[in-house]
2 protein chains.
Amino acid sequence: MKPKRVTIKDLAKELKVSPSTISRALQDSYQIGEETKKAIWELAKKWNYKPNLVAKRLIKQKSFTVGVIVPEVSYYFNATLIKGLEDILLKEGFNLIICQTHESYEREILHCEFLMASQVDGIISSISGETQQMSHFYNILEAGMPMVLFDRGFNVPNVSKVMIDNVEAGRVAVAHLIDTGCKRIAYLQGPESLPIGNARKKGYQKALAEAGVSFDRKLVSHCKFGSDMGFSNAKKMLEMPEPPDAFFCINDRIGMGTMAAIREKGLRIPEDISVIGFNDEPYAKLLNPKLTTIEQPAFQMGQEAAKMFFYQLKTDEPEILTKILPTKLIIRESTKGIVN
Amino acid sequence: MKPKRVTIKDLAKELKVSPSTISRALQDSYQIGEETKKAIWELAKKWNYKPNLVAKRLIKQKSFTVGVIVPEVSYYFNATLIKGLEDILLKEGFNLIICQTHESYEREILHCEFLMASQVDGIISSISGETQQMSHFYNILEAGMPMVLFDRGFNVPNVSKVMIDNVEAGRVAVAHLIDTGCKRIAYLQGPESLPIGNARKKGYQKALAEAGVSFDRKLVSHCKFGSDMGFSNAKKMLEMPEPPDAFFCINDRIGMGTMAAIREKGLRIPEDISVIGFNDEPYAKLLNPKLTTIEQPAFQMGQEAAKMFFYQLKTDEPEILTKILPTKLIIRESTKGIVN
DNA sequence: CTGAAAGCGCTTACAG
DNA sequence: CTGAAAGCGCTTACAG
């Protein structure tokens with residue numbers, strides 16, 4: 001089970017020309033006579049010749065491939081960002097190799113090494129939930145390979161990145177809750193180790209402070225991004241002596257789990273408890289009630305990240321760039337009307 | 001911006017030994033003296049030598065990499081199946097290159113060609129919504145490359161595959177609806193071109209026939225797997241002169257859109273209208289009401305597909321295998337109690 | 001225990 | 001317009 005593949009040499013032998021001629025003809029080089037070309041093309045087609053990209057990469061020292069590392073490809077944000085990446089990269093003839101860490105630091109390192117060893121032309125990466133130490137990323141940079149970080153890489157110094165203003169987004173979300181009359185606002189932050197969650201927490205605290213509401217650490221809760229979706233965390237909070245009257249959730253999935261927990265308690269949304277999510281995932285507007293959330297321009301972030309990659313690829317001494325994209329509050333039914 | 005990478009030659013020159021010795025020492029060959037090895041390892045470490053996988057692949061004619069092609073990586077089914085794939089493949093030291101077609105036939109072909117030209121050791125693939133013609137898959141087989149199809153590849157002849165019994169799963173879903181007293185059962189099938197949807201439709205018709213209910217083609221509707229999630233299709237059906245009293249949806253996402261449409265009409269689930277989905281996606285149990293659905297063993301399907309790949313890789317004249325995995329009806333709140 | 005040579009499949013200066 | 005030669009970074013029979 002391994003029919004030998006046809007190579008340039010095979011074609012050369014058959015046509016009694018040199019491999020160089022075959023190679024040039026296949027590239028449609030002006031140096032080769034029309035008739036020779038035609039004969040070569042015909043045979044190549046007939047024999048179903050396909051160039052071996054591995055050999056081409058070795059010689060060209062380029063792969064026209066970029067590695068993409070995300071925690072989980074099924075997260076809506078990542079999937080959408082990848083589409084933005086593809087939108088730019090495919091047009092330029094680049095392929096992407098998508099790798100997922102499943103939030104494992106170890107796998108993130110392995111993927112970086114694999115991609116570098118595979119001689120990709122660059123790496124575009126988020127950061128796993130476990131990652132504390134960034135040397136695997138700096139290795140890439142030191143090897144002179146283009147790299148851009150996005151989303152969770154927002155606070156890694158000396159690396160180009162595309163991000164949102166997480167503090168501000170958190171502030172806006174919580175300010176909306178306050179504006180609609182909520183007083184005891186819980187924050188379901190997701191994994192404690194994620195700087196992105198801590199940045200939004202800063203925004204949460206800022207909004208609280210601006211409204212003169214004191215911060216209660218019991219109202220911040222951590223959970224994994226698992227399939228439980230914050231359901232049990234929200235439930236626990238609801239059973240506190242002084243339960244929250246609103247939840248700010250780190251993403252819409254967790255918002256969904258929170259809504260289920262609220263319903264299970266027999267409470268109404270938003271009359272009894274308000275909920276705000278993050279991301280504006282496609283189902284947010286189909287939930288019952290429809291979920292208020294913060295929209296993040298994931299597709300556009302992907303496009304910008306791809307552009308940064310090209311900038312680095314094509315520039316001799318590229319600057320380190322930081323691009324901050326805007327977020328937007330989308331008010332729907334899971335929060336109340338604004339109180340004057 | 002391209003510090004030259006250190007190669008075996010560089011190490012050889014520095015240590016005044018031959019490249020062969022370096023290569024062997026790095027592989028910890030018994031042929032090399034301990035001291036020589038030690039010196040080589042040290043320098044390799046000090047200089048941060050990393051083997052060039054591209055060169056290794058060219059010479060070994062193996063890549064320890066398998067290509068995975070899915071329509072959309074964000075579909076829960078695909079994401080979970082990929083985890084099953086990883087579960088087996090990573091243990092054996094294989095990496096996966098994940099490619100998405102976004103339901104485009106053209107991209108599916110491009111991915112197949114890219115993966116083959118990149119000399120992956122095998123391809124594990126679903127099928128895009130547009131694909132009618134399978135020659136790109138047969139090319140892979142003819143090239144002697146291991147290949148296994150899954151899910152939507154269930155009806156492609158002469159290829160190894162892992163699948164579920166879509167007809168039976170459809171029959172079970174619809175029979176449950178009938179058992180709970182539903183009479184006018186709609187089927188939201190998704191893209192018309194997908195054989196998987198047609199197979200489930202056969203099951204739908206079978207269940208109808210078994211119960212002596214006549215088939216009404218007006219109750220079958222097609223839609224894209226877009227972000228609308230079947231919302232508008234369901235809405236249209238609800239506005240028919242004789243609206244359905246139940247919906248069988250090709251997946252839970254579409255089930256979600258359907259539920260939203262039903263709510264918008266002011267109807268109750270399941271009292272007025274029952275809904276059953278497919279896949280048991282993680283949020284199904286968090287919806288309001290909780291969604292009844294058909295569970296598909298996506299993770300296990302991935303494991304089986306990976307095992308089939310290894311079987312082909314390691315066997316001289318591998319048989320063509322078909323593995324059918326069981327599905328399971330998960331009864332929750334979006335369908336009524338069983339009527340006697 | 002170590003090295004020289006050939007080669008994986010391709011490309012591209014250098015000649016002619 | 002075409003070819004011979006060298007080389008991308010590595011591995012591995014073949015010698016010694």
Side-chain angles (χ1 to χ4, degrees), chain A residues 2-41 43-44 47-65 113-114 116-121 143 145, chain B residues 2-41 43-44 47-65 114 116-121 143:
Chain A
K2 270 258 164 171
K4 212 189 145 308
R5 296 193 52 161
V6 9
T7 70
I8 275 190
K9 267 191 206 163
D10 300 327
L11 299 177
K13 196 176 291 175
E14 175 75 8
L15 292 176
K16 300 196 192 342
V17 295
S18 79
S20 331
T21 301
I22 302 285
S23 171
R24 282 191 271 248
L26 260 15
Q27 297 171 74
D28 199 9
S29 159
Y30 68 96
Q31 300 179 84
I32 304 292
E34 284 308 318
E35 304 207 349
T36 320
K37 271 190 200 170
K38 211 158 281 175
I40 291 174
W41 291 348
L43 186 67
W47 282 11
N48 195 28
Y49 168 77
K50 301 281 179 195
N52 182 330
L53 282 189
V54 175
K56 206 174 247 172
R57 278 177 204 167
L58 184 59
I59 207 155
K60 293 272 197 180
Q61 305 281 61
K62 275 195 233 141
S63 65
F64 286 95
T65 291
E113 286 177 351
F114 169 73
M116 284 180 79
S118 300
Q119 318 289 122
V120 296
D121 294 331
M145 187 176 277
Chain B
K2 270 257 163 170
K4 210 189 146 305
R5 297 194 51 163
V6 8
T7 69
I8 275 189
K9 267 191 204 160
D10 300 326
L11 299 178
K13 196 176 289 174
E14 176 76 7
L15 291 176
K16 301 198 191 341
V17 295
S18 79
S20 330
T21 302
I22 304 283
S23 171
R24 282 191 272 246
L26 260 15
Q27 297 171 74
D28 199 9
S29 158
Y30 68 97
Q31 298 179 86
I32 304 292
E34 284 308 317
E35 305 205 351
T36 319
K37 270 189 201 172
K38 212 160 281 175
I40 291 173
W41 290 348
L43 186 67
W47 283 11
N48 196 26
Y49 168 77
K50 301 281 179 196
N52 182 329
L53 283 189
V54 176
K56 206 173 247 174
R57 277 177 205 167
L58 183 58
I59 207 155
K60 293 272 198 180
Q61 305 280 60
K62 273 194 233 141
S63 65
F64 286 95
T65 291
F114 169 74
M116 284 182 79
S118 299
Q119 317 291 123
V120 296
D121 294 331

What residue pairs, at least two apart or across chains, pass side chain to side chain donor-acceptor pair (under 3.5 Å) with a residue in residues 31-41 of chain B? B:Asp28-B:Lys37, B:Ser29-B:Gln31

Under 3.5 Å for both distances, Watson-Crick or G-U wobble, that's the pair rule; now give the dot-bracket for DNA chain D, with | marking pairs to another strand and [ ] for crossing ones. |||.||||||||.|||

Least distance between heavy atoms, B:Ala143 atom then B:Met116 atom: CB-CE, 3.4 Å

Using every non-hydrogen atom in the two residues, find where B:Ala117 and A:Pro51 come nearest and quote the distance to one decimal. CB-O, 3.8 Å

Please state how far atom CG in B:Leu11 lies from atom P in C:dT2, giving the value in whole angstrom units. 15 Å

I need the CD-P distance between B:Gln31 and D:dA15, as an integer number of Å. 15 Å

What protein N or O atoms touch nucleotides 7-11 of chain D N or O atoms at under 3.5 angstrom, if any, and at what distances?
from, atom 1, to, atom 2, distance (Å)
D:dC8, OP2, B:Lys9, NZ, 3.1
D:dC8, O3', A:Gln61, NE2, 3.2
D:dG9, OP1, A:Gln61, NE2, 3.0
D:dC10, OP1, B:Tyr49, OH, 2.6
D:dC10, OP1, B:Asn52, N, 3.0
D:dC10, OP2, B:Ile8, N, 2.7
D:dT11, OP2, B:Ser23, OG, 2.6

Steps toward side chain to side chain contact (heavy atoms under 4.5 Å, CB included) verdict (B:Asn52, A:Leu58): CA-CA 9 Å; B:Asn52 182 329; A:Leu58 184 59; 4.2 Å; yes

Can you check the A:Glu34 CD to D:dT2 C1' distance for me, whole Å? 15 Å

Work out how far the C1' atom of C:dG16 is from that of C:dT12, and round it to whole angstrom. 16 Å

Any side-chain donor near an acceptor of the partner, B:Arg57 and A:Ser118, under 3.5 Å: yes

Please determine, by modelled atom types, if B:Ser20 and B:Ser23 share a side-chain donor-acceptor pair under 3.5 angstrom. no

Please identify which of these residues, B:Ile8, B:Ile40, B:Ile22, B:Asp10, meets the side chain to side chain contact (heavy atoms under 4.5 Å, CB included) condition with B:Tyr49. B:Ile8

Compare side-chain N and O positions of B:Thr21 against OP1 and OP2 of C:dG3 and report whether any pair is under 4.0 Å apart. yes

Any side-chain heavy-atom pair from B:Arg5 and A:Gln119 closer than 4.5 angstrom? yes

